[in-house]
Structure formats: structure tokens, C-alpha cells
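Numbers restart at 1 for each chain; the letters A, B, ... are given by sequence-line order, proteins then strands.
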Number of protein chains: 2
Amino acid sequence: MKSQPITIKDIARILGISPSTVSRALKDHPDISPKTKQLVQTFAEKVNYRPNALALSLRSSKTNTIGIVIPEIVHHFFSSVISGIEDVAYGRGYNAIICQTNENYQREVIDLQALVDNRVDGILVSMSKNTHEFTHFENLRENGVPVVFFDRICEQISSDRVIADDFEGARIATKHLIGKGCKKIMHLAAPQHLLIGKNRKEGFTSALKEHKLVSDDRYIIKCDTREAVFAKADDIIRLAPEIDGIFAVNDSTAIAAMQVLQRNGYSIPKDIAVAGFGDGPNANIAYPPLTTVEQKGYDIGQAAMRLLIGHIEGTVEDEEFETKIFTPELVERTSSQLGHNVR
Amino acid sequence: MKSQPITIKDIARILGISPSTVSRALKDHPDISPKTKQLVQTFAEKVNYRPNALALSLRSSKTNTIGIVIPEIVHHFFSSVISGIEDVAYGRGYNAIICQTNENYQREVIDLQALVDNRVDGILVSMSKNTHEFTHFENLRENGVPVVFFDRICEQISSDRVIADDFEGARIATKHLIGKGCKKIMHLAAPQHLLIGKNRKEGFTSALKEHKLVSDDRYIIKCDTREAVFAKADDIIRLAPEIDGIFAVNDSTAIAAMQVLQRNGYSIPKDIAVAGFGDGPNANIAYPPLTTVEQKGYDIGQAAMRLLIGHIEGTVEDEEFETKIFTPELVERTSSQLGHNVR
DNA sequence: AACGACACCGCAAACGTTTGCGGTAATTTT
DNA sequence: AAAATTACCGCAAACGTTTGCGGTGTCGTT
């Protein structure tokens, strides 16, 4: 059954008319007589004619396809973003080509080139951690391809951007802990050369200052993975008697910290309240359920795609760039109810 | 800077030669003189010429693009599969267009049509739950598009298939519990009209029979989400004194069960050993870390893509289909060490 | 009877490539 | 010196569409 799909030429040949007439008949062009239209349309229907998107794209230089370049797909945040992009794209008639760089600069360069070669109408990109050269991004502009950066933006390239407000998210979470009565809060921080590490820590300290609480450097511990928590467990336990709250840079770190504390006789949230920063669906699984700020990956994806469409379809000035900031939302659960017992 | 990318025609015009010569010079055709080759190649290099993939595809009817149709992207298993597909695809020079059906039959139909319209070289699909009509799959065969089903396969369509062996996975997990000394094991089961529910339950009972253990229907409880566990908490607690093990149809159910038991004074795994079935990275987060069987999404994706390439590149007979079965692997952690204390 | 108006349709070029074939000039062979 | 070979290059068609323009035929109008 391996037959080539039927073309306008085929229809023209079979019906004994010209391809131009078929083409026009199919789109109700006034130059075509009602009979011919009827003939062509019913026949096309019968043989299930579908226009060749490649030919259309080549002629119109419009592919109705966009490219997504992303460090990792297996990551709750990024897959949420993709999902948001996909849904908007689908609604507007766009397809999405997805490229995963695996945090590899070389692959990022090659992926972008492939997308340009395929004449995508626009590109959404979240930079690899190992990208420190930006000419491949500049080339996009020279090729006239609209780009929107999200999450891992490129500060050296002026373009549309959609980001999560890590500073504000951390600030909100910390203020929440303070509101629950915490006076001495520990922060489990990510490396400060990473933007999220820096911004979330600054959001934390900002909230402390705002409430005139001392920010003790001893309370800031560098650990941002489950394993790191176990490695620094002694440090945490040593300080545990002094503190009444923990704000962790991500959920798995927060959860690990809760477990370390629980194994050492502390009760969460009775003795120590805990809040995390959303990196997935773990928060609900934890015991007790973890209060955390949720980064709205789906919304970010939707917003990025909408901005991109704005540029593609020319409803936005070319050199007029926008930065959309999404403030994470606090999801209050049990882990932060200082003083409360959990059954 | 919105300039169209340079074409072979442009080069020909600028250099005062014909497009054919440029084309041949670029691919070292013997008919072209060394000087002209040199001229063309260095010039093409200078202006950063890149062939238009659309034009190439149209002419060769080969797009080097494959389509992926998937129910949900935000799901650890599926995003792992995509990642596996992506990595193989990248290595073989293919791009991937991803379509998310959101378990919607209509969208599945439309997505498939769009992929065919774009002349993808092949399609990887995992069916929506709400698909009970299969003509859209049959149409693919008529259009000569190779298809490989993975995970949610379509039994009515003969094709390549890549699946996880749910029966065997459940059997392995149950046998593991039995090996740890469990005699009376509870099963938290998914609805039996779903394949995974049916297969995993049967794997469970098969292991019991093999070891001549009674399979008590009272021990099979229908609940497959965290919420369902809490809803049926009373039933579980009532039976808890009798049992010494639990095999849950997925990890979040297993974890919820552990928490319910712990809150009622039971110690895991001292009193009751627990095993789950892998649906994500939750198992490590749990307390105690959960013994579970891991479905190898990444491997499944790789295998599916390799099978598809086999058909696309014609190294496999057209009507010769293969079914690849991936047996999940037990990952032994603390939750199943019956009788042991956790610190 | 001649003219304009209108309805309907096809030619050909274009999008960017590749490639069979033919053509010209230079070189080698007799 | 004529013929045969070789080296090199361009024409044109093709992939499947769309679209400006021109062409034919049938009217109706003076």
C-alpha cells in the first residue's frame, strides 16, 4: 500500500483540467465556474486530498512550525513549559520541533542551525548552563528568525524574555515562615554563581531585613541536593536547637532536611517549620506535605509562545522587546505550620 | 537585519555561473574544475551558505523529521521516553516534532494528519486513553508512513511495538517481598479495565501462586492514587495487623500507604515491607526510600526510535513487525527490608 | 455586424534544490 | 590535420503549490 499521497497535479490529470484550476477551485476562487468547483471539490474529498505542507512552506516561506531548544526534557519544570507551549501552538496552528541540548553548548549550536535550516517561523530557547558564547544567538537575528528566551535567558542578547521571579518567590516563602512565627530561619542555598542560587538567597535575606530579623551567616548552608543535605547533616543538626524555620532552595533539599531532622527527634512543623521552592510534584508526597512556591512552568510556556507568535505574525514591532516576569505562588501546606502537631 | 538566507541561485548570480554548477561544486562533483570548486566553496563558506531543508525535502521526499504523538508531556515516564527518542534521533540526523494529545481522541486524529501533511519520515505514537477508533492509524499505512507504537500500543493495528512488561515487573516486585519473608501481602490495584491495572495485578497473583501463598481477595484493594489511599485508609488499617507486606500499583500509592501506616503506629519496613511500581523520582524522596520497579522510559524511547529508523531507511522488511518488551528492573531500597529498623 | 464585457480557464514563473542530458572548447589520439 | 576523447559547464525538468497575466468563448449592447 505504499502509495504516494495524491497531489493537485494528479487531480488535474485525472479530471482533464489544469493544476491552476484545481488549486483555485479548492479555494473558491471566483474565476472558477460552480460546476468545476463542485467537480473538483467532491473529487478531492473522495480521494482525501491534502496539500503538501512542504510545497506550501517553500512557496510562502512560512512553515507554521516553531523550534524549542531546551536543556533537559526529563524535568518537571521544563516539561511543564513544553506542555504550555504545545497547547498554545496547537490552538494557533503551529507545530513544535523539540531539541534537547543536554546542557551541551555544541549541541545547542547545531540544534539552532538545524532549526534555521528547516525554516522554522520562530524559536523558543532556554540556554544551556555551559553556553558562554552567543554568536549562534546573534546569527538568528541576522537570519530574521524571531526568538524568545525563557527561564535561562541570555542577558547579552536583547529579545523577548519570560522568566520566573526567583527573588520574589524566595521572599514570599520566607515572609510566610516569618508570618508563622519563625524568628531564626536557616537557608539551604544553591551555588551563588548560578542565577537561581543568587536570586533565591537574596530574596531570603531581603525578607529577613524587611522584618528586622538578623541574618546570621551561620544559618546559610550551601547544599542544594538530597545527597548534599545528608553530607551536611551534622551541621544542620548542630544548629537545629537554635532555629525554628528552614527555607530551602528546592523541594528535594527541603524534604531531605525534614527527614534528617525527624530522625533526630525533631517534629515538623511543631519544632521547625519548613518551606521549599517548587521543582516538581514531590511536595505532595512528602511527610508532612511541603509548603513551597510553585514556578508556573505551564504559564511561562504559554506566555513565551504568545510572545513569539506576536513577532511571527508581525503584530509586534520588530525591535520592541518585552520581558514577562512570573511571580511564583506560595502553596501553603502542613510543613510550615509552626507549632502545630501533625496527626 | 531581516535578510533572507542566501541561496544557491544567489551564489550563482554573484559568481556569474549557473546554479547547477554551484550545486555540483559544493558536493565535489567530478565534472567541475578544481578552480571553480575552490571559488564556490570558499565563497559559500564566507557567506555562510546553508541549504534550504524545505527544498531538499520537497525534492527528495525525505524530511529527516519524525513525529511523536503522546498523551502527556508532563509525566516522568513519557518525558523520559521523549528524551530517549531525542538522543537517538539527534545521533542519526533526525528532528522530532512533538504532539501532545492530552488524552483527546480528536486531537490525536488532527495531530497525525498534520504530521502526514508535513511529510514526516515516520511516527512514534502512544495512544490516548479515549481512542477506540483506529482508522486514523490505518490511514498512516495507506500513506506509506512507518509507525512504531510504544507503551500504549494499539492491538488492532499490526506494527512494531515497544512495551514495558507490567506483568513481569509486578511479579518481580512481589517475589522480592516474598524473598524478604513476607507471607501475607496486600495489593493496591488500579482499575482492571486499564491494561496496567490488569497486568500488574496478574503479575502479583502469579508470584503468590508460584510460592504457594494464598491470594486473599480481601487483600486486594482498589486504589491507585494518593487520595484514594487516604479514602480507603480505614480498610488498610483494619487489615494492617494481618499483613506483612504491600505491593502497590505505583509509587505515589505506595508512599501514601506507608504514611498512613506510619501515622497509625506501624514501622516500615520493620512491621510491613512495601514495594511500588516506578512512576518517577519520588521513590528516593520517600521515607524510608522506596523499593520499586523502574520502567525504563529512556530505553523504551531509544528502542522505539531505532525500530522506526529501521523501517524508514529500509533495512527492515516492510510487513515484518517486531515487538520489543522491556522488563522493568527492581531497585531495592529500604522500604522492603522486612524486620529491619531504619535509623 | 462589430464591439466591449464578462465568465472561465491555462500558461508559465516562482519558491530552492538536484540531475540527466546535451553542448562547447580544449586536449589528445590517429 | 582530422577525428576522437576529455574536461567543464549550462539548460531544463522535476518535487507540489500559488498566482499574475493572457487567452478563448459566449454573451449582450449599439
Side-chain angles (χ1 to χ4, degrees), chain A residues 3-41 43-44 47-65 113-114 116-121 143-144, chain B residues 3-41 43-44 47-65 113-114 116-121 143-144:
Chain A
S3 59
Q4 294 300 320
I6 195 161
T7 74
I8 277 195
K9 286 186 169 183
D10 295 329
I11 298 182
R13 193 170 18 80
I14 297 172
L15 260 40
I17 54 183
S18 85
S20 351
T21 304
V22 176
S23 172
R24 281 189 258 251
L26 288 174
K27 37 189 40 150
D28 260 343
H29 193 286
D31 270 10
I32 308 298
S33 74
K35 309 166 210 165
T36 327
K37 278 183 189 171
Q38 187 62 25
L39 175 70
V40 172
Q41 286 172 3
F43 185 78
V47 298
N48 194 18
Y49 165 77
R50 300 241 82 216
N52 183 326
L54 288 176
L56 287 179
S57 299
L58 179 59
R59 184 160 213 283
S60 62
S61 35
K62 177 85 168 60
T63 53
N64 289 308
T65 300
Q113 186 59 258
V116 173
D117 290 351
N118 279 89
R119 299 295 186 270
V120 293
D121 294 336
N143 278 327
Chain B
S3 58
Q4 294 299 321
I6 195 161
T7 75
I8 277 195
K9 286 185 169 182
D10 296 329
I11 298 182
R13 193 169 19 78
I14 297 173
L15 260 40
I17 55 184
S18 84
S20 353
T21 305
V22 175
S23 172
R24 279 188 261 250
L26 287 174
K27 39 189 41 150
D28 260 343
H29 192 286
D31 268 11
I32 307 299
S33 75
K35 309 166 212 166
T36 333
K37 276 184 191 171
Q38 186 63 23
L39 175 70
V40 172
Q41 286 171 3
F43 184 78
V47 298
N48 195 18
Y49 166 76
R50 301 239 82 218
N52 183 325
L54 288 176
L56 288 179
S57 299
L58 179 59
R59 184 160 213 284
S60 62
S61 37
K62 177 86 168 60
T63 53
N64 290 307
T65 300
Q113 187 59 258
V116 173
D117 290 351
N118 278 89
R119 299 295 187 270
V120 293
D121 294 335
N143 278 325

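- Remark: C1' of C:dT17 and CG of B:Leu54 are 11 Å apart, rounded to the nearest angstrom.
- If you take NZ of B:Lys9 and C1' of C:dA13, they are 9 Å apart, rounded to a whole angstrom.
- When every heavy atom of B:Asn118 is checked against every heavy atom of B:Thr63, the shortest pair comes out as O-CG2, 3.8 Å.
- With rounding to whole Å, B:Leu15 atom CG is found 10 Å from D:dG10 atom P.
- For the pair A:Asn52 and A:Thr7, the minimum side-chain heavy-atom distance is 4.5 Å or more.
- In this structure, A:Ile8 places its CD1 atom 13 Å from P of C:dG10, rounding to the nearest Å.
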Protein proximity profile, nucleotides 22-28 of chain D - base contact B, sugar-phosphate-only contact S, no contact -, cut-off 4.0 Å on heavy atoms
-------
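- For B:Thr7, the side-chain atoms get nearest to C:dG16 when compared with the rest of D:dC9, D:dC8, C:dG16.
- At whole-Å resolution of the value, CG in A:Leu58 and P in C:dA13 are 17 Å apart.
- The rotation axes computed at either terminus of the helix from C:dA1-D:dT30 to C:dT30-D:dA1 lie 80° apart, taking five pairs at each end and rounding to 10 degrees.
- With hydrogens and angles ignored, no donor-acceptor pair under 3.5 angstrom links the side chain of A:Arg13 to the base of D:dG16.
- Between A:Val40 and A:Ile17 there is a side-chain heavy-atom pair separated by less than 4.5 Å.
- Residue contacts for B:Ser33: at a heavy-atom cut-off of 4.0 Å it reaches the sugar-phosphate backbone alone, with no base atom in range.
- Between the base of C:dC11 and the side chain of A:Ser20 there is a donor-acceptor pair shorter than 3.5 Å.
- Distance B:Leu39 CG to D:dC8 P: 14 Å, rounded to the nearest Å.
- Within the 4.0 angstrom heavy-atom criterion, only backbone atoms of the sugar-phosphate kind lie near B:Ile17; the bases stay farther away.
- Inter-residue side-chain proximity for A:Arg24 and A:Thr21 is flagged as unmet; no heavy-atom pair is nearer than 4.5 Å.
- The side-chain heavy atoms of B:Asp117 and A:Leu56, taken from C-beta on, include no pair separated by under 4.5 Å.
- Interatomic distance, A:Lys37 NZ to A:Asp31 CG, rounded to the nearest 0.5 Å: 9.0 Å.
- Taking the side chain as every heavy atom from C-beta outward, A:Lys9 and A:Val22 never approach each other to under 4.5 Å.
- Note on A:Arg119: nothing from the nucleic acid sits closer than 4.0 angstrom, heavy atoms only.
- Between the side chain of B:Ser23 and the main chain of B:Pro19, no donor-acceptor pair closer than 3.5 Å is present.
- At least one side-chain nitrogen or oxygen of A:Ser18 sits closer than 4.0 Å to the OP1 or OP2 atom of C:dG10.
- Look at CZ on A:Arg24: it is 10 Å from P on D:dT18, rounded to the nearest Å.
- In this structure, A:Tyr49 does not reach the D:dG16 phosphate: none of its side-chain N or O atoms is under 4.0 Å from OP1 or OP2.
- Taking atom NZ of residue B:Lys35 and atom P of nucleotide C:dA26, one finds them 11 Å apart after rounding to whole Å.
- Out of C:dT17, C:dG10, C:dA13, the shortest distance to the side chain of B:Arg59 is found at C:dT17.
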